[in-house]
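Starting from 1, each residue takes its place in the sequence as its number. On a predicted model such as this, the values are computed, not experimentally measured, just so you know.
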Amino acid sequence: MNQTTNQTAENDVVIDVAKTRISDLWKKEDYWAIWLGFLILVFGIVVFFSNPPKDMDAKITAANATMAAEEARAPFKTIAWHDAAAAKKKLKGNSVAIGKFLSTFTAKPHKWTSNPVDSFMVGEDAAAARKAAATPKYDAAKAATVAALETANTKEAAAEAAGFQDAALNAEAQDAISAWLAAKGKESSAKKKAGAKSFNQVGYLIGLGLFFAVLFGIGFKVMGNSLREFMKGFAVVFALAILAFLLSAQATMKAYGIGYAAWAIAIGLLISNTIGTPKWVKPAVQTEYFIKTGLVLLGAEILFSKILSIGVPGIFVAWVVTPIVLVSTYLFGQKVLKVPSKTLNMTVSADMSVCGVSAAIATASACRAKKEELTLAVGLSLVFTSIMMIVMPAIIKATGMPEVLGGAWMGGTIDATGAVAAAGAFLGEKALYTAATIKMIQNVLIGVIAFCVAIYWCTRVECAPGQRVHPMEIWHRFPKFVIGFIGASIIFSSIYASLGPDVGFTLIDQGVIKGLTKNLRGWFFCLAFVSIGLATNFRELKGYFAGGKPLILYVCGQGFNLILTLTMAYIMFYLVFPEITARI
């Protein structure tokens with residue numbers, strides 16, 4: 001009888017546990033991050049795939065035919081080849097009517113110099129004045145492009161007359177074509193300024209705020225919270241996010257690389273450490289809810305075809321160096337610095353070695369770090385990212401380091417993806433491409449690192465000697481949003497492969513991602529950074545700064561990262577696989 005009763009009780013427990021796990025699908029923020037992220041991605045696919053640019057397939061076919069013919073005709077990329085490639089790049093999903101609307105609706109405040117109002121609205125008179133001021137430079141840039149094209153045509157014709165057999169003439173033609181492309185780039189930049197138009201973004205920002213409030217509010221309500229309380233607080237959080245974007249859009253701030261993340265955290269900290277975060281705002285201070293949804297969207301940007309395009313060298317730089325640096329930094333913190341908090345040690349190590357804030361969020365969730373520890377790790381990352389994105393390009397230029405090597409070095413060490421792109425662009429196209437691709441490869445490790453940390457914490461850190469850990473405990477510890485991150489990457493990589501690189505570039509790169517999800521991801525991250533600041537008090541952080549150990553940990557870890565990444569990049573790109581480097 002007792003045995004039957006016990007068995008029944010055990011069965012009831014199993015049933016209760018199963019019900020709890022099923023209810024997690026609508027009760028936990030990790031799952032809501034997945035549902036909201038995929039809702040946005042599916043919407044993007046439907047919208048952009050249903051509205052491709054006019055005559056897209058015919059234009060791509062014609063351009064590819066021209067490029068193939070030119071590749072067969074000449075040993076270098078000719079003027080006609082570049083014209084055809086440019087024609088393909090003009091095919092963008094976000095250039096159609098619905099794409100333009102979504103880009104405008106989700107846009108952040110615009111760049112401004114002295115008047116912050118210019119970030120939100122520019123009247124017709126002001127737009128006309130900007131256009132008039134920029135037109136002479138545009139005319140000069142156009143004339144320079146015409147002259148460069150004439151020279152390039154002359155040099156290419158001379159090389160062709162020699163049957164493309166004269167190496168000197170071929171080199172002169174390539175140099176002239178490169179000069180023409182550079183002139184075209186300057187003309188394009190000048191054209192944007194000369195095409196200044198009036199705009200008013202205020203209405204769009206109000207609409208976007210309401211959309212976000214409903215989007216996140218529904219999940220907040222289903223998770224058992226008050227929708228009304230969330231809506232009230234969210235108005236403040238969203239307004240502070242706008243302020244952070246506004247300050248980062250100021251011309252001087254942009255020049256120094258002080259981005260929205262730093263401003264968002266600083267504004268939140270200022271409020272929380274002076275007047276204090278109002279109680280009625282706190283329901284909307286949902287750091288992980290916002291950033292996890294953004295990370296699911298980030299997964300769609302990590303396309304396997306782009307990872308493979310840079311080959312094995314990039315994979316070695318990102319996937320071999322990163323785990324070595326992470327483990328070494330963590331052991332250094334425990335064995336040498338004696339950092340009291342293992343969770344702080346691990347969060348700082350992952351933040352510095354993998355990819356900054358995104359990795360810190362995933363790792364902190366896996367090891368259950370305190371919010372103060374996460375804030376400290378993120379703060380260190382933002383400070384050093386701002387420094388490195390300015391100093392590293394200067395060092396690379398001063399030492400005459402090749403663009404590919406410099407790009408690989410920055411891609412593997414600078415934490416934030418946006419900062420990597422900005423630093424790479426400062427050096428040139430090759431550096432930008434290499435740096436951004438390696439950072440993308442490194443981002444793949446977010447999920448892997450989170451899973452490994454969850455296993456390590458369950459089996460080694462929190463497990464008593466001789467105690468066995470049930471596999472479900474590892475599953476409970478694992479950040480579920482990472483499933484959405486990895487799933488989005490796999491799905492979008494598969495779709496991209498099935499469409500082919502040209503259509504994929506048009507509809508996914510320049511459609512779903514650039515026309516919708518990238519902007520939304522930026523907003524979600526900014527909301528999260530504001531929340532971090534609002535939820536953090538310096539008094540709570542003071543204990544973690546004892547002896548300056550977190551700072552020493554970060555500096556020593558990043559120093560090791562810089563040395564190892566540069567060494568690996570040189571070996572892989574210039575000694576082992578120089579043929580891949582030559583193709584970049």
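Taking the charged nitrogens against the carboxylate oxygens, Arg73 and Glu156 do have a contact shorter than 4.0 Å, which makes a salt bridge.
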Query raised in the report: After noting the C-alpha distance and the side-chain angles of Val576 and Ile571, does the key distance pass the side-chain contact (heavy atoms from CB on, under 4.5 Å) rule?
Result: CA-CA 6 Å; Val576 182; Ile571 292 172; 3.8 Å; yes
**Report entry** Verdict with reasoning, Phe245 to Tyr260, per ring-ring contact (aromatic ring centres under 6.0 Å, His included)
**Finding:** CA-CA 5 Å; Phe245 277 127; Tyr260 71 87; 4.8 Å; yes
Requested in this report: Mind running side-chain contact (heavy atoms from CB on, under 4.5 Å) on Phe505 and Ile60 for me, showing each step along the way?
Outcome: CA-CA 11 Å; Phe505 172 82; Ile60 288 175; over 6 Å; no
Requested in this report: Decide side-chain contact (heavy atoms from CB on, under 4.5 Å) for Phe492 and Leu303; before the verdict, give the C-alpha distance in whole Å, the side-chain angles of both, and the deciding distance to 0.1 Å.
Outcome: CA-CA 7 Å; Phe492 268 69; Leu303 304 172; 3.9 Å; yes
Requested in this report: Start with the C-alpha gap between Met410 and Ile396, add the side-chain angles, then the distance that decides, and say whether side-chain contact (heavy atoms from CB on, under 4.5 Å) holds.
Outcome: CA-CA 10 Å; Met410 293 189 298; Ile396 292 167; 3.8 Å; yes
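In terms of heavy atoms, Leu516 sits closest to Ile40 at CD2-O, 3.9 Å. Minimum interatomic distance between Ile438 and Ala318 (heavy atoms only, all atoms of both residues): O-CB, 4.0 Å. What you find for Ala80 and Glu70 is that their closest heavy atoms are CB-CD, 3.6 Å. Taking all atoms of both residues into account, the shortest heavy-atom contact from Ala431 to Gly424 is CB-O, 3.7 Å. The two residues Leu527 and Ala241 make their nearest non-hydrogen contact at CD2-CB, 3.9 Å.
Each ring pair (Phe, Tyr, Trp, His ring centres under 6.0 Å) pair with one or both residues in residues 402-425, not counting sequence neighbours, would appear here, but there are none. Pairs engaging residues 90-111 under the ring pair (Phe, Tyr, Trp, His ring centres under 6.0 Å) rule: Phe101-Phe105, His110-Phe199 [sequence neighbours left out]. Residue pairs meeting the side chain to side chain donor-acceptor pair (under 3.5 Å) criterion with at least one member in residues 38-47, sequence neighbours excluded, do not occur. Listed by first and then second residue, the side chain to side chain donor-acceptor pair (under 3.5 Å) pairs involving residues 483-499 are Tyr496-Asp509 (not counting sequence neighbours). Among residues at least two apart or in separate chains, there is no side chain to side chain donor-acceptor pair (under 3.5 Å) pair with a member in residues 570-579. Within the structure, ring pair (Phe, Tyr, Trp, His ring centres under 6.0 Å) contacts touching residues 39-96 (residues at least two apart or in different chains) are Phe76-Phe164. Among residue pairs with one or both ends in residues 173-195, none qualify as ring pair (Phe, Tyr, Trp, His ring centres under 6.0 Å); sequence neighbours excluded.
Asp55 places no side-chain N or O within donor-acceptor distance of the main-chain N or O of Ala58, the cut-off being under 3.5 Å. Between the side chain of Thr135 and the backbone N or O of Ala194, no donor-acceptor pair lies under 3.5 Å. A donor-acceptor pair under 3.5 Å is absent between the side-chain atoms of Asp166 and the main chain of Ala162, judged by distance alone. Gln442 contributes no side-chain N or O that, together with a main-chain N or O of Met440, makes up a donor-acceptor pair within less than 3.5 Å. Without hydrogens or angle criteria, Trp32 side chain to Leu25 main chain gives no donor-acceptor distance under 3.5 Å. Although no hydrogens or angles enter the test, the distance criterion places no donor-acceptor pair under 3.5 Å between the side chain of Thr78 and the main chain of Ala74. Looking only at distances, a side-chain donor or acceptor of Tyr289 sits under 3.5 Å from a matching main-chain atom of Phe216. Side-chain atoms of Thr322 never come within 3.5 Å of backbone atoms of Trp319 as a donor-acceptor pair (strictly under, hydrogens ignored). A donor-acceptor pair under 3.5 Å is formed between the side chain of Thr151 and the backbone N or O of Ala147. No donor-acceptor distance shorter than 3.5 angstrom exists from the side chain of Ser188 to the backbone of Lys184, with no hydrogens or angles considered.
By the 4.5 Å heavy-atom criterion applied to side chains, Pro53 and Leu507 are counted as neighbours. The shortest distance between side-chain heavy atoms of Val503 and Asp57 falls below 4.5 Å. A 4.5 Å side-chain heavy-atom check between Thr581 and Pro313 finds every atom pair outside the cut-off. When side chains are defined from C-beta on, Met352 counts as touching Val325, because their heavy atoms get closer than 4.5 Å.
For Glu150, there are no salt bridge (charged side-chain N to carboxylate O under 4.0 Å, His left out) partners two or more places apart in sequence or in a different chain. In this view, Glu29 and Lys292 satisfy the salt bridge (charged side-chain N to carboxylate O under 4.0 Å, His left out) rule, not counting sequence neighbours. Partners of Glu187 under the salt bridge (charged side-chain N to carboxylate O under 4.0 Å, His left out) rule, at least two apart in sequence or in another chain, do not exist in this structure. The salt bridge (charged side-chain N to carboxylate O under 4.0 Å, His left out) test applied to Lys155 returns Glu172, not counting sequence neighbours. Evaluation of the ring-ring contact (aromatic ring centres under 6.0 Å, His included) rule for Phe525 yields no partner, not counting sequence neighbours.
Between the CD1 atom of Ile302 and the CG atom of Leu445 there is a distance of 9.5 Å, given to the nearest 0.5 Å. Expressed to the nearest 0.5 Å, how far CD1 of Ile395 lies from CE of Met401 amounts to 8.0 Å. Rounded to the nearest 0.5 angstrom, Lys77 NZ and Ser178 OG are separated by 10.5 Å. Atom CG of residue Leu382 and atom CG of residue Asp351 lie 8.0 Å apart, to the nearest 0.5 angstrom. For the atom pair CG (Leu91) and NZ (Lys54), the distance works out to 13.0 Å, reported to the nearest 0.5 Å. Atom OG1 of Thr61 sits about 9.0 Å away from atom CG of Asp502, to the nearest 0.5 Å.
Environment of CZ in Phe316: sparse, with no more than 12 heavy atoms of neighbouring residues, nucleotides or ligands closer than 6.0 Å. Within a 6.0 Å sphere centred on NZ of Lys430, other residues, nucleotides and ligands contribute 12 heavy atoms or fewer.
When only modelled atom types and interatomic distance are considered, Asn519 and Lys514 share no side-chain donor-acceptor pair under 3.5 Å. Counting only N and O atoms by type, the side chains of Asn561 and Thr413 include no donor and acceptor under 3.5 Å apart.
Checking Thr66, Asn64, Thr506 one by one against Lys88, the side-chain hydrogen bond (donor to acceptor under 3.5 Å, both in side chains) holds for a single residue, Asn64. Of the listed residues (Phe290, Phe212, Phe481), just one forms a ring pair (Phe, Tyr, Trp, His ring centres under 6.0 Å) with Phe524, and that residue is Phe212. Applying the salt bridge (Lys or Arg N to Asp or Glu O under 4.0 Å) test between Glu301 and each of Lys439, Arg521, Lys518 identifies Arg521 as the sole match.
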